[in-house]
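To start, the structure itself, in structure tokens.
Source: prediction; values computed, not measured.
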Amino acid sequence: MLTLVAAVCTHPLDLTKVRLQTLQTSGGKRPGMFAVIRSSVAQSGFRSLYVGLTASILRQMTYSLVRLGSYERIKSSLSRYERPSPGTLLLAAMLAGGLGGIAGNPADILLVRMTSDSIRPPEQRYGYSNAFSGLLILIREEGVRGLFRGLGTNTTRAVLMNVRRLLSYDFFKSILLSRPLPIVRYQVRDNIFCHIISSVLAGTVATTVCAPADVLKSRLMSASGKLSPVEVLTQSLREEGPRFLFKGWTPAFIRLGPNTVLMFVFYEQLKNGWRKLVWK
């Protein structure tokens, strides 16, 4: 439930990120995050920042649900109720991320297309009114195979995101709990302060590592032709240079930061509540 609330609150940042990633500029001044937001509001009003919200909610109900739900199950199955090793955490995060990427791929396609539609030429727009009608149009026009457009880059991004987000969170949390903070010599306990610090650090690492795959995913999914990831990469590098791989980093981080904090804080409270309920 909280992931759905977070999706609604951070959707304008998600929309801005996708538009920055899919807006191809060869030379000249690159528009920034606030310029894209101002342009959207000026052209279509404040409601334009919530275009594609239904696709974002559908994505949370598929990608996030599978990713988070399978991680703990895989981790406990691999560790066999012992303290999981770093290798076990890595493998569990990779498998859970891959499963989430596959489950959420159709919703990701709809999200990218709906949020970037207004910056495309009128004759190239998809015109999806909502996620469910968009899903039907996608299947009708491109077949079932259309649901798997960009699956490779999306799954790669999902694996990287899950590994860096979940594994980094577990890593930073264990570091904070294992030794006192330098200079102040304060020993952090397993409480909400520890969860917030660990999730902010995990969000920073995840955003940076996943940025290149995220940009390629957005450009592949927004394209109507049959382009391979290599073709998109070489064309973009030739026209825009390597900086294009980190387009949309700022809104992605601003979006992922609160999202990650809320997700892990709520997740820890649920986990603690479940343990108390089970051990009563």
Side-chain angles (χ1 to χ4, degrees), residues 1-3 5-7 9-10 60 63-101 155-214 246 249-250 252-280:
M1 181 65 183
L2 190 68
T3 56
V5 176
C9 294
T10 60
Q60 293 298 327
Y63 166 68
S64 295
L65 186 65
V66 172
R67 175 175 60 90
L68 289 174
S70 61
Y71 176 66
E72 280 298 322
R73 185 63 179 268
I74 294 171
K75 186 170 70 171
S76 62
S77 297
L78 292 174
S79 60
R80 296 180 181 178
Y81 306 103
E82 299 175 357
R83 184 178 180 84
S85 65
T88 298
L89 294 176
L90 176 63
L91 182 58
M94 290 176 66
L95 292 173
L99 291 173
T155 305
T156 300
R157 176 201 171 273
V159 169
L160 289 173
M161 176 65 75
N162 219 41
V163 167
R164 290 304 175 185
R165 210 175 181 186
L166 294 173
L167 191 59
S168 296
Y169 177 79
D170 278 342
F171 172 76
F172 287 123
K173 181 182 172 183
S174 64
I175 291 295
L176 288 171
L177 294 176
S178 64
R179 65 195 69 174
L181 293 175
I183 302 176
V184 294
R185 306 300 297 172
Y186 173 73
Q187 179 59 59
V188 177
R189 299 184 182 277
D190 192 358
N191 53 27
I192 194 167
F193 173 72
C194 173
H195 305 157
I196 290 174
I197 297 300
S198 302
S199 57
V200 169
L201 293 172
T204 305
V205 172
T207 305
T208 305
V209 171
C210 296
D214 201 20
F246 291 93
W249 188 94
T250 303
F253 175 72
I254 297 174
R255 171 192 170 276
L256 193 63
N259 193 301
T260 304
V261 171
L262 289 171
M263 183 187 74
F264 278 118
V265 168
F266 188 66
Y267 168 73
E268 290 284 1
Q269 298 308 309
L270 276 178
K271 190 167 68 172
N272 291 336
W274 176 253
R275 284 174 178 170
K276 289 177 182 178
L277 184 66
V278 170
W279 289 103
K280 265 188 176 182

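- The ring pair (Phe, Tyr, Trp, His ring centres under 6.0 Å) check on Phe253 picks up Trp249, with sequence neighbours excluded.
- Taking the six-membered ring for Trp and thresholds of 30 and 60 degrees, His195 and Tyr169 have ring planes inclined between 30 and 60 degrees apart.
- Minimum heavy-atom separation, Met94 to Val159: O-CG2, 3.6 Å.
- Atom CG of Asn191 and atom CD1 of Ile197 lie 10.5 Å apart (nearest 0.5 Å).
- Using modelled atom types, one side-chain atom of Gln187 and one backbone atom of Leu177 make a donor-acceptor pair closer than 3.5 Å.
- One finds the CG atom of Asp170 at 4.5 Å from the NZ atom of Lys75 (value rounded to the nearest 0.5 Å).
- Distance check, rounded to the nearest 0.5 Å: CG of Leu90 to CG of Leu95 gives 9.5 Å.
- Counting only residues at least two apart or in different chains, salt bridge (charged side-chain N to carboxylate O under 4.0 Å, His left out) contacts with residues 188-206 comprise Lys173-Asp190.
- The two residues Val188 and Cys194 have their closest heavy-atom pair at CG1-CB, 3.4 Å.
- Residues Ala252 and Thr207 approach most closely at CB-CG2, 4.0 Å, considering heavy atoms.
- Other residues, nucleotides and ligands contribute only 12 or fewer heavy atoms inside 6.0 Å of the CZ atom of Phe171.
- Closest of all the heavy-atom pairs between Thr208 and Thr204 is OG1-O, 3.0 Å.
- The two residues Ala158 and Gly101 make their nearest non-hydrogen contact at CB-CA, 3.7 Å.
- Taking CZ of Arg67 as the reference point, atom CG of Leu99 lies at 12.0 Å (rounded to 0.5 Å).
- Distance check: Ile196 CD1 to Leu201 CG gives 12.0 Å after rounding to the nearest 0.5 Å.
- Taking CG of Asp214 as the start and CZ of Phe246 as the end, the distance is 11.5 Å to the nearest 0.5 Å.
- Closest non-hydrogen pair, Ile74 versus Ala96, comes out as CD1-N, 4.0 Å.
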